[in-house]
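Letters A, B, ... mirror the listed sequences (proteins, then strands); counts begin at 1. These numbers come from the heavy atoms of this one structure, side chains and all, not from hydrogens, waters or symmetry mates.
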Amino acid sequence: MEFSDHIKTANVEDVVLRQPLHPPSRGTLCITGHHLLFSEREEGSSQQVLLLLRNIDAIEKRMSGSSGTITIKCKDLRVLQLDIPGMEQCLNISRSIETLSCLDNVSEMYPFFYRPTDLSLQDQWGLSTPEKHYTQMKELHERWRLSSVNKSYSVCPSYPPAVIVPNCIDDETLKKVAKFRQGGRFPVLCYYHRKNGMVIMRSSQPLTGANRKRCKEDELLLQAVIEDSDKGFIIDTRSSQQVHQARMTGGGFESKSFYNCWKRLHRQMERGKALQESLIKLVEACSDESHNVDRWLSKLENSKWLSHVQTALSTAGLLAECVERDGHSALVHGYEGTDCSLLICTLAQLIMDPFCRTLEGFLALLEREWVQAGHPFQQRCAHSAYSHARFQQESPVFLLLLDCVWQLWRQFPLALGFSEALLLRLANEVYASDYGTFLCNNDQERCALGVKDRTHCLFRALLRPAERDYYSNPLYEPTELAIWPSVHPQSLQLWRGFFLRWTQLTHHLEAVQEEIRSMVIEWGRVAQR
Amino acid sequence: YYEELYAFSYNPKQNDQQREEGWQLIDLGAEFERMGVPNDQWQHTDVNRDYKVCETYPRDLYVPITASKPIIVGSSKFRSKGRFPVLTYFYQEKKAAVCRCSQPLSGFSARCLEDESMLQAISKANHNSRFVYVMDTRPKLNALANRAAGKGYENEDNYSNIRFQFVGIENIHVMRASLQKLLEVIGARSLTMSDYLVGLESSGWLRHIKAIVDAAVFLTKAVTVEGASVLVHCSDGWDRTAQVCALGSLLMDPYYRTIKGLMVLIEKDWISFGHKFADRCDQLDGDPKEVSPIFTQFLECVWQLTEQFPHAFEYSEWFLLQIHEHVHSCQYGNFLGNNQRQREQLQLGERTHSLWDFLMSEKQNYLNPFYKPSYSEAHPVLEPSTLPYHFKFWRNMYHQFDRSMHPRQSILKTILTLKENSRKAESELQALETRLQKLGVTPIATSDPPAPPPTRDQRTNPLPPRPDSLILGAPINHKEVERHEEEDEQNEVGVEATERTDTERTVEGSSGTESRKQSYGELEGTCNGELAKEEPAVVSLELGVARMTC
């Protein structure tokens with residue numbers, strides 16, 4: 001089907017646009033297959049607003065007489081209002097937006113059409129590959145190998161074609177282990193701690209089921225991970241009650257009797273629907289303009305968002321503590337191993353590994369731990385906080401990650417090489433993007449659709465010189481030390497830059513921060529001269 | 001027994017002349033002159049020369065020119081504790097005045113013609129407005145209850161030219177209980193996020209802070225937008241009144257957002273007008289019911305504003321924290337006693353030292369690197385947002401002695417250092433260029449610049465020595481200073497020269513020592529047992545914070 005079939009009215013004159021931080025303006029509205037374009041038609045002004053339709057989370061229309069008002073709520077939390085003359089035009093526009101903003105067909109999405117002049121499709125897509133990553137990590141080679149057992153995605157549909165596993169475990173064993181793990185996500189290496197040679201592995205839950213099935217190969221693999229060390233830690237992102245319940249539906253946990261060198265630590269982390277609800281409540285609280293402090297605090301508490309931030313950071317802290325301080329390897333999983341496991345593995349790496357804290361390092365980390373590791377972006381980020389049409393799969397896990405990274409950045413303003421602006425940009429891009437990076441749910445899907453050949457890569461675009469400057473932290477001073485965040489509730493804050501982004505004050509503070517940034521750069525330049 | 005306080009034995013090795021100069025740093029007469037007072041409508045009065053009319057007011061007072069001595073005396077008899085309406089701030093642009101007083105002794109029906117004339121005089125002194133706002137900063141219920149005790153509030157029928165307004169700031173007892181609750185909440189061991197937010201809400205602390213800011217915003221709008229004069233009072237006019245007048249002035253006048261200006265403001269609205277520091281801060285183990293964090297709230301309101309307007313303040317939060325520290329430390333004479341008369345009796349000027357002098361001498365430690373005087377020129381009047389989510393918990397105040405909760409790296413300190421070094425480098429460069437010019441060399445032509453090569457040293461040159469209390473950003477108590485010094489020695493072993501010790505220390509949050517204070521969970525055995533012990537059971541609240549609630 002052509003986009004034009006969805007567009008009955010492409011242009012409307014004399015539309016009034018109301019948006020946060022700007023006075024209302026009058027102009028022409030234009031709908032295309034992927035964009036909403038508004039051009040102001042006032043004397044001497046040529047303001048334009050270009051909005052990806054994909055960015056639209058919810059739309060409400062209100063008709064009054066011969067005209068109508070459309071309220072557009074975006075995934076970046078902006079709320080726009082369009083006053084459109086003519087009932088039919090208004091209905092047509094709103095119908096187009098409704099349809100075009102949630103196309104299911106990935107290959108019709110904008111990244112497949114976005115062709116900026118300064119990027120070429122021939123450029124390398126992505127920053128690295130599992131193969132390259134392995135080649136660079138020389139320290140690994142003695143005990144770890146790169147396995148291509150998943151070359152055709154047949155062992156684990158959500159893993160990349162190459163993964164890192166213990167040397168002594170052959171592909172046949174891996175295939176058996178994959179059958180014992182949900183979704184085939186057998187334990188793979190995600191982080192090697194250079195200081196002590198310990199590692200972080202991640203996987204999905206073992207399929208022990210009600211009758212406590214075991215899998216010798218799985219036990220063997222985990223034993224190979226700790227080798228001659230006395231123990232390892234399993235960080236299960238579920239409560240011990242939850243893991244017992246999981247057995248009833250075929251899932252389970254590594255029981256002490258079969259994995260006697262592994263010590264399980266349980267940390268219940270919310271995910272899925274609960275997290276989505278939390279986001280919805282928080283955004284609702286932030287748009288409440290009442291002047292009542294008690295009500296605000298009560299709504300903030302009730303949303304539980306900051307509790308999720310606290311749990312995530314503290315679980316990541318625990319994981320890093322196991323590896324860095326206690327000197328043992330760790331395995332992380334929950335249910336599918338595609339959400340919370342990735343979240344805390346990423347945060348733990350930021351805490352421990354100085355390289356992950358550079359701009360390139362951080363983007364490479366996201367590519368490895370989220371894009372390649374198979375976080376189902378398409379399902380999780382189809383809708384954000386405003387949508388009424390909620391599916392079961394939405395969950396702002398990645399947004400929670402960005403919030404946690406922001407908290408780290410606030411506590412260690414010198415230790416991270418990137419700025420808050422980068423986190424805000426990523427928070428936008430993950431929901432609606434010109435780039436193909438966050439399309440699809442895993443590598444297999446991306447290959448099938450030719451995402452890597454037919455779209456541009458966000459991470460590479462963010463490393464172009466101008467962007468790199470903009471997203472760097474001018475105060476960055478690398479430190480080899482681990483950065484242990486404080487997870488006391490008093491030390492954590494609402495991420496105002498994101499959740500209150502469209503308020504006057506945040507806007508004002510953003511401008512101030514920009515100025516401060518230039519001042520700092522200037523001082524640094526002078527002092528170094 | 002005041003004599004037992006530290007201020008009387010504290011000796012910073014200054015001679016008498018230096019000490020005297022220290023006390024002369026702040027001159028309120030000059031401050032009123034700065035505001036343009038006296039002028040054709042406002043005059044100085046010496047009616048309180050001997051503290052006969054009002055014991056708790058200063059000697060020098062400013063009143064409308066039409067307020068004669070009988071009017072003043074009559075009005076003072078009709079006001080609680082004799083605290084009759086006087087000028088505290090004059091907004092030159094609109095010739096509008098901010099006046100303060102205590103509640104009238106109106107009971108259910110009493111009137112006082114002199115008092116009515118006094119308000120008339122205030123009104124007449126401002127040609128911009130036909131009326132005066134009377135802001136009663138108490139909740140209406142409290143004011144009503146006071147009537148039964150022969151006190152109360154102004155009846156609009158008797159004062160023809162006023163607009164009366166309740167503001168609803170709670171009294172000292174509510175504030176004390178609120179802070180106590182807050183400190184209990186945040187001092188709890190293994191506090192969950194929900195407990196924290198619920199506790200923060202139920203303590204009501206931020207609600208009270210917002211009420212004060214709301215009142216100050218109201219005052220500011222009345223004066224700067226409507227051009228009306230405002231008379232502010234509460235019960236005795238030395239707690240809520242001081243908060244609102246001082247904060248309002250700070251919103252209206254950029255001067256109070258400078259280091260010297262804040263000193264002047266505190267000297268004027270708090271010290272000279274008789275905020276009972278001795279009672280409120282429990283300097284002498286007095287009545288626990290008199291203790292209340294009224295001044296702390298004022299400092300917090302200022303802090304909340306600094307968060308909204310990063311460019312507008314010359315001082316950083318460490319200035320506020322340092323003032324707070326010394327209001328409670330009793331090391332300097334400024335805040336001793338309850339009013340000026342008492343301070344004169346104690347001869348504080350001769351026997352103790354002035355805090356302002358000390359703070360001024362370390363001014364560079366309190367500078368806000370982002371301060372832009374041009375911002376204040378463009379925005380002389382601040383219009384803060386009072387939406388609830390702009391009021392934040394002030395961690396560096398209420399957890400100032402709990403280093404495990406401090407920011408792990410101090411951005412402020414880094415930036416100050418950077419700015420200072422850039423300033424130094426620039427002036428060095430200038431000096432060199434001047435020298436070259438004298439030698440007849442054009443700097444541009446030199447292919448080999450005589451300037452020292454750009455080394456990292458230059459960037460990491462530490463600032464002039466600062467007190468230990470600022471090293472991690474927050475003042476720390478003496479015990480901790482000692483411990484800190486020991487650590488320093490260890491740190492310095494094997495560290496080349498002084499290179500980067502500064503930064504190392506701020507990253508200390510992530511070094512072995514410090515990080516032990518934060519543990520994430522149930523790791524058993526070797527490391528965990530130790531971890532649990534290291535974590536303090538209850539946040540230690542020392543000096544200032546503890547004394548805020550007694």
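Between A/H308 and B/M193 there is no side-chain heavy-atom pair separated by less than 4.5 Å. Counting heavy atoms from C-beta outward, B/L387 and A/E289 have side chains that approach closer than 4.5 Å. Within the 4.5 Å cutoff, the side chain of A/T503 has heavy atoms near those of the B/Y389 side chain.
Ranked by heavy-atom pairs under 4.5 Å with chain B, the first of A/N292, A/L509, A/V520, A/L500 is A/L500. Ranked by non-hydrogen atom pairs under 4.5 Å with chain A, the options B/S385, B/P310, B/P384 are led by B/P310.
The number of heavy-atom neighbours closer than 6.0 Å to NZ of B/K181, taken from other residues, nucleotides and ligands shown, is above 12. Around atom CD of B/E383, no more than 12 heavy atoms belonging to other residues, nucleotides or ligands sit under 6.0 Å away.
Note that CG of B/L197 and CH2 of A/W296 are 9.5 Å apart. Values are rounded to the nearest 0.5 Å. Expressed to the nearest 0.5 Å, how far OG of A/S298 lies from CG of B/L200 amounts to 12.0 Å. A distance of 8.0 Å separates NE2 in A/H488 from NE2 in B/H399, rounded to the nearest 0.5 Å. Here B/T192 contributes atom OG1 and A/E301 contributes atom CD; the two are 8.0 Å apart, rounded to the nearest 0.5 Å. Put simply, CZ on B/F393 and OG on A/S491 are 9.0 Å apart, with the number rounded to the nearest 0.5 Å.
In terms of heavy atoms, B/L191 sits closest to A/Q310 at O-NE2, 3.9 Å.
Distance alone, capped at 3.5 Å, is enough to place a donor-acceptor pair between the A/Q490 side chain and the B/I186 backbone. Not a single donor-acceptor pair under 3.5 Å links the side chain of A/R295 to the backbone N or O of B/P388. Side-chain atoms of B/E201 never come within 3.5 Å of backbone atoms of A/L297 as a donor-acceptor pair (strictly under, hydrogens ignored).
Proximity to chain B (any heavy atom under 4.5 Å) is shown, for A/A316, by neither the backbone nor the side chain. With a 4.5 Å cut-off on non-hydrogen atoms, B/F370 touches chain A through its backbone and its side chain both.
Taking the six-membered ring for Trp and thresholds of 30 and 60 degrees, A/H508 and B/Y375 have ring planes inclined between 30 and 60 degrees apart.
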